[in-house]
Amino acid sequence: MSLPPTADVVVIGAGATGAACAYFAALAGLRVAVVERGAIAGGTSSACEGNILVSDKEAGPELALAQYSQHLWRTDLAEFGPLWEFESKGGLVVSARPGTQENLAALAERQRAAGIDVELVDGPDLLRLEPLLFPAMAGGAFYPQDAQVQPMLVVAHLLRLARGLGATVHPDTQVTGFVRSGDAVTGVQTTRGIIAAPRVVNAAGTWGGAVAALARVTVPVLPRRGFVMVTEPLPVTVHHKVYAAEYVDNVASSDAGLQTSPVVEGTDSGTILIGSSRERVGFDKTFSPRVLAEMAGKAIALFPFLSDVLALRSYFGFRPYCPDHLPVIGPDPRAPGLWHACGHEGAGIGLAAGTGALIAASLTGAQPALDLSPFVPERFEEPLHA
Amino acid sequence: MTTLACDVAIVGAGPAGLSAAVHAADAGLNVALVDAGTQPGGQYWRHPDESHPVPDEGEGHHGWREFTDLRSRLYAHETTGTLTYLRGTQVWLIEPARPAGVVLRLAPATDPAPAAGTVTARHVILCPGGYDRQLPIPGWDLPGVMAAGGVQALLKGNRTAAGRVAVVAGTGPFLLPVATGLAHAGVKVAAICEANSPTGWLRNAGGAVRAPAKALEGVEYATALARHRIPYKIRTAVTAIHGTDRVESVTLSRVDAHGTAIAGTQRTVACDVVALGWGFTPQLELVLAAGAETTVDVDGSLIAVVDDRLASTAPGVTVAGEATGVGGAPMAVLEGELAALCVSEALGVAAAPGGPASEGRIRALQRDRARLHRFAVAMHRANPVPANWQDWLTPETLVCRCEEVTHGALCDAHTELGAADARTLKSFGRPGMGWCQGRVCGFAVSEIAARFANRPTSADDLRSMAKRSLAAPVTLGQLAALDFDDVHEG
Ligand SMILES: Cc1cc2nc3c(=O)[nH]c(=O)nc-3n(C[C@H](O)[C@H](O)[C@H](O)COP(=O)(O)OP(=O)(O)OC[C@H]3O[C@@H](n4cnc5c(N)ncnc54)[C@H](O)[C@@H]3O)c2cc1C
Ligand SMILES: Cc1cc2nc3c(=O)[nH]c(=O)nc-3n(C[C@H](O)[C@H](O)[C@H](O)COP(=O)(O)OP(=O)(O)OC[C@H]3O[C@@H](n4cnc5c(N)ncnc54)[C@H](O)[C@@H]3O)c2cc1C
């Protein structure tokens with residue numbers, strides 16, 4: 001399809017974030033054009049696990065965004081749930097040691113105060129929830145709101161719905177620069193021509209920093225590599241998303257070295273997905289058996305039966321993270337006309353719904369449902385000399 | 001646990017790998033040969049269990065003397081210890097070694113399992129061969145439908161044929177030995193259906209290339225067809241297979257030069273075995289995992305890019321046999337020798353005692369390879385997968401059998417969701433995500449995606465279905481037990 005000469009809003013990037021922005025903006029009545037340098041859902045949104053989690057977040061702005069997203073997935077978007085295999089499977093966090101369980105209980109308390117459903121579970125109840133779990137765990141916490149989707153189908157169907165509302169989607173179209181009028185952004189230059197638009201949304205995920213640089217503004221999004229292993233299909237043996245309590249520490253950690261913590265979950269098709277790893281190695285695409293070895297060992301410690309299960313394949317992606325582990329959402333005062341919606345790290349699928357709705361509100365001048373100040377793009381600027 | 005350090009590691013003991021191993025050991029290199037099979041020969045020289053010798057071991061084989069010669073040299077090198085032969089062992093991972101060389105991670109391929117472990121080599125020669133290329137058609141998932149190569153493997157390895165009346169269909173000269181093999185085993189072959197017109201091949205073969213051995217084989221098959229009264233139908237395809245619990249009949253259609261079925265030519269033929277042969281798919285996961293460049297060959301297969309010494313673009317990685325382009329067993333044997341000689345030169349042992357390696361021999365092999373290559377190209381051009389084979393599909397036809405993905409579902413993933421390449425089709429529709437990881441449906445899904453996008457099949461389509469970071473399944477227990485201190489500096 002040829003590019004439209006103009007649009008009310010151009011969305012850069014057809015991942016989960018861009019698709020949700022496009023959908024909610026089109027729903028708000030804007031004429032949307034989505035430009036994607038590769039294929040639809042070709043970025044990190046097709047190299048992840050598709051969990052919609054509240055369990056792994058400390059009380060704070062990210063949890064507030066996760067709760068808002070939960071609400072949207074389960075209300076405004078509920079009718080489409082089957083299209084993207086939405087499953088409210090629940091998350092189970094387990095502690096191997098009593099000390100860890102104490103920390104987990106304290107976290108659960110803070111989360112409960114913020115409005116999250118969570119129940120502490122003792123050893124025997126853990127086995128009722130997950131019969132194949134290693135029997136000698138100290139305890140755990142169950143989060144009924146944790147859910148799962150098939151992320152590529154989220155992207156594909158949100159874009160399909162957006163097209164139904166008049167949006168156009170342009171794969172194989174890379175943004176190479178911005179059209180400016182003074183400081184203001186008034187359109188995009190792409191490998192297939194120019195689209196003039198008074199509003200442009202940078203939803204380029206891990207490449208959001210590079211897109212921002214084309215507009216001569218700094219948004220520090222960096223890659224954090226993660227591997228996933230996929231097992232042979234089995235009859236259902238793992239019922240929830242199950243992970244070790246140390247995962248929460250790793251998610252929030254700023255350590256550059258390799259961190260792994262076991263995350264185990266079944267999928268619709270019978271395969272089991274095994275994660276997780278985090279390391280800062282730039283965009284290094286070399287396969288790392290060391291990472292897989294660590295992940296396998298820790299997954300077996302949770303579920304001993306996995307020792308004899310075959311891994312069929314593995315894949316990896318680059319989470320888009322910012323130094324303070326919060327996404328960048330909102331208008332950029334340094335380049336009027338440019339909005340950012342990127343840097344969602346390991347939660348961009350779950351947070352897509354909320355992000356899209358907040359951006360759409362901001363684009364149309366409506367009051368966003370959440371305070372955007374923790375997410376403002378200019379928060380990383382060096383303060384001027386004291 | 002095997003922990004081996006050697007000069008050259010060879011993956012695959014088919015015609016290419018066997019030849020490479022023997023010639024590398026002849027040249028004085030310390031060799032490790034790793035093969036998933038329990039005895040040498042690969043696909044082509046598949047033969048009955050050597051531990052229960054039969055007098056007519058080589059029955060039905062071509063080049064059997066060449067095989068037994070290579071095999072006895074292999075066993076002799078194994079006895080002297082120049083060569084370690086790891087049978088029933090799969091390479092599931094290939095990694096660069098530091099500061100140079102290659103590390104192979106091994107897993108048992110057979111039960112009872114031999115020890116797994118690691119091989120570190122200064123250089124590796126990948127000879128992973130290929131397997132049957134399959135096209136989905138209505139009913140191809142019924143029991144009794146087999147890939148032509150699978151039928152031949154049964155005949156050669158177990159000396160059995162699973163039926164009484166067979167139809168052999170597809171394209172290429174490989175249909176002939178399958179049909180005559182079945183007839184020899186007592187199966188009535190109701191028809192051979194060749195989708196193309198072999199006169200094209202004969203014209204080309206006579207003009208551009210000479211391959212006397214192949215011509216002789218041709219005469220042999222023609223005689224066998226006549227003796228068994230096997231009808232040979234050109235420009236004819238099996239366009240549907242019928243049956244409830246297993247194959248009961250097929251629909252044969254006359255097709256035009258592009259494979260479109262000609263209206264009114266359909267007829268039904270009863271049978272209980274269908275052998276479908278659409279050429280071969282080289283096994284590229286190790287080549288891709290090694291980071292070597294790949295390209296699309298004349299027959300539409302993804303192959304490794306190699307230079308005239310069979311070096312891939314990845315340091316320390318040479319490729320021989322089907323993975324450089326489907327060319328048949330004699331070419332694979334030749335490439336194995338060429339690879340071994342070039343690698344021994346590169347490793348600086350060309351002058352070792354007993355090593356006949358010399359630039360002269362290398363040049364002669366390169367010339368022969370060029371000639372065989374021209375012949376292979378002519379064969380591929382004469383026997384293409386019909387351009388319009390997708391017209392035979394119905395919305396209900398299963399494309400991916402592991403995940404039960406129909407052609408209709410793929411059409412929806414394109415028209416509704418915008419998938420226009422193989423990777424995106426796989427993301428939205430799941431073909432290739434199951435047990436076989438796209439080994440069976442990868443070619444078909446790539447072609448289907450390309451047709452949706454109204455463009456030729458690209459290397460990216462094929463790569464996205466062929467790339468498997470784990471070249472073979474491995475248990476989590478084996479993964480967890482990986483030892484990273486056992487890797488010798490290469
Ligand atoms: C191993 C792993 C597991 C994960 N598990 C989960 C999970 O369970 N739950 C969860 O919520 N999140 C998870 N994540 C994180 C999640 O995948 C990301 O946060 C999310 O996919 C980001 O989506 P996005 O749309 O912002 O970016 P992307 O999906 O990367 O989309 C950005 C798009 O922008 C395009 N683009 C870039 N530059 C340009 C340009 N110049 N012009 C045009 N287009 C451009 C890219 O091609 C890309 O398609 C995981 C991540 C990893 C790596
Ligand atoms: C069933 C069949 C029948 C054929 N019939 C004919 C014919 O009649 N005439 C003809 O000219 N050509 C025929 N061919 C083609 C011929 O077999 C090939 O040209 C020849 O076998 C190629 O030799 P190769 O060494 O490249 O591969 P192969 O013979 O396929 O050998 C490859 C070997 O590598 C092993 N291997 C692969 N990956 C791994 C791994 N990761 N780890 C360990 N081991 C691995 C395999 O187990 C196999 O033993 C046939 C092919 C097939 C598949």
Side-chain angles (χ1 to χ4, degrees), chain A residues 1 14 36 38-42 45-47 83 150-153 155-157 159-160 163 169 171-172 227 229-233 264 267-272 274 285-301 303-316, chain B residues 92-96 103 105 107 118 285 288-291 402-405 412-430 432-439 449 453 460-461 464 467-485 487:
Chain A
M1 193 195 301
E36 162 58 53
I40 297 164
S45 298
S46 56
L83 296 176
Q150 205 277 39
M152 293 83 93
L153 290 178
V155 178
H157 281 285
L159 289 175
R160 182 182 60 83
R163 283 201 309 272
V169 180
D172 300 316
F227 279 88
M229 273 184 287
V230 187
T231 70
E232 59 188 312
V264 178
T267 69
D268 248 15
S269 55
T271 52
I272 295 173
I274 294 171
K285 295 194 176 165
T286 43
F287 184 78
S288 174
R290 274 164 214 263
V291 177
L292 297 198
E294 258 193 58
M295 281 167 37
K298 292 186 177 178
I300 292 168
F303 286 100
F305 82 94
L306 287 174
S307 184
D308 296 325
V309 170
L310 289 170
L312 288 190
R313 69 191 185 104
S314 98
Y315 58 88
F316 57 86
Chain B
W92 63 270
L93 185 70
I94 180 167
E95 308 169 73
V103 181
R105 301 276 178 185
T118 304
E285 40 270 88
L288 287 164
C402 302
E403 293 294 306
E404 301 186 354
V405 182
D412 290 347
H414 169 63
T415 50
E416 306 262 302
L417 304 181
D421 61 89
R423 181 180 189 267
T424 313
L425 263 191
K426 182 171 159 183
S427 289
F428 296 173
R430 306 194 51 80
M433 290 231 190
W435 245 112
C436 87
Q437 289 289 302
R439 287 179 176 88
D460 278 338
D461 289 317
S464 68
K467 199 166 175 144
R468 295 168 197 107
S469 44
L470 303 176
V474 54
T475 67
L476 293 172
Q478 283 166 341
L479 269 172
L482 275 184
D483 180 355
F484 296 97
D485 300 324
V487 176

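This one's a predicted model, so the numbers in the text were calculated from it and none came from an experiment. Any value given below was found using the heavy atoms of this structure, including those in side chains, with hydrogens, waters and symmetry copies removed. Each chain gets a letter, A, B and so on, in the order the sequences are listed, and its residues count up from 1.
- To the nearest 0.5 Å, atoms CZ (A/Arg163) and CD (B/Glu416) are separated by 8.5 Å.
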### Query
So B/Leu417 and A/Val155, side-chain contact (heavy atoms from CB on, under 4.5 Å) or not? Walk me through it.
CA-CA 9 Å; B/Leu417 304 181; A/Val155 178; over 6 Å; no
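- A/Met152 and B/Met433 make their closest contact through CE-CE, 4.3 Å (heavy atoms, listed as atom of the first residue, atom of the second, distance).
- In this structure, B/Ser469 and A/Ser314 approach most closely via the heavy-atom pair OG-O, 2.9 Å.
- Contacts of A/Leu159 with chain B are absent, with no heavy-atom separation under 4.5 Å from either backbone or side chain.
- The minimum heavy-atom distance between B/Arg423 and A/Ala41, with the atom names listed, is NH1-O, 4.0 Å.
- Among A/Pro233, A/Gly297, A/Pro289, the residue with the largest count of heavy-atom pairs under 4.5 Å with chain B is A/Pro289.
- If you tally non-hydrogen atom pairs under 4.5 Å between each of A/Ile274, A/Asp308, A/Leu306, A/Thr286 and chain B, the highest count goes to A/Leu306.
- The nearest pair of heavy atoms linking A/Thr231 to B/Leu476 is CG2-CD1, 4.4 Å.
- Residue A/Met229 touches chain B through its side chain alone, counting heavy-atom pairs closer than 4.5 Å.
- Of the possible donor and acceptor atoms, one in the side chain of A/Gln150 sits under 3.5 Å from a partner among the backbone N and O of B/Ser427.
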### Message
Let's go through B/Leu470 and A/Phe287 carefully: what are the C-alpha distance in whole Å and the side-chain angles of both, what is the deciding distance for side-chain contact (heavy atoms from CB on, under 4.5 Å) to 0.1 Å, and is it a yes or a no?
### Response
CA-CA 10 Å; B/Leu470 303 176; A/Phe287 184 78; 4.0 Å; yes
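- Comparing A/Ala39, A/Pro151, A/Ser46 by how many heavy-atom pairs each has under 4.5 Å with chain B, the most go to A/Ser46.
- The two atoms that bring A/Leu153 and B/Phe428 nearest to each other are CD2-O, 3.5 Å, heavy atoms only.
- Partners of B/Arg468 under the salt bridge (Lys or Arg N to Asp or Glu O under 4.0 Å) rule, at least two apart in sequence or in another chain, are B/Glu285.
- Only the side chain of B/Thr424 comes within less than 4.5 Å of a heavy atom in chain A; its backbone stays farther off.
- The CH2 atom of B/Trp435 sits 5.0 Å away from atom CG of A/Leu310, with the distance rounded to the nearest 0.5 Å.
- For B/Gln437, the part lying under 4.5 angstrom from a heavy atom of chain A is the side chain only.
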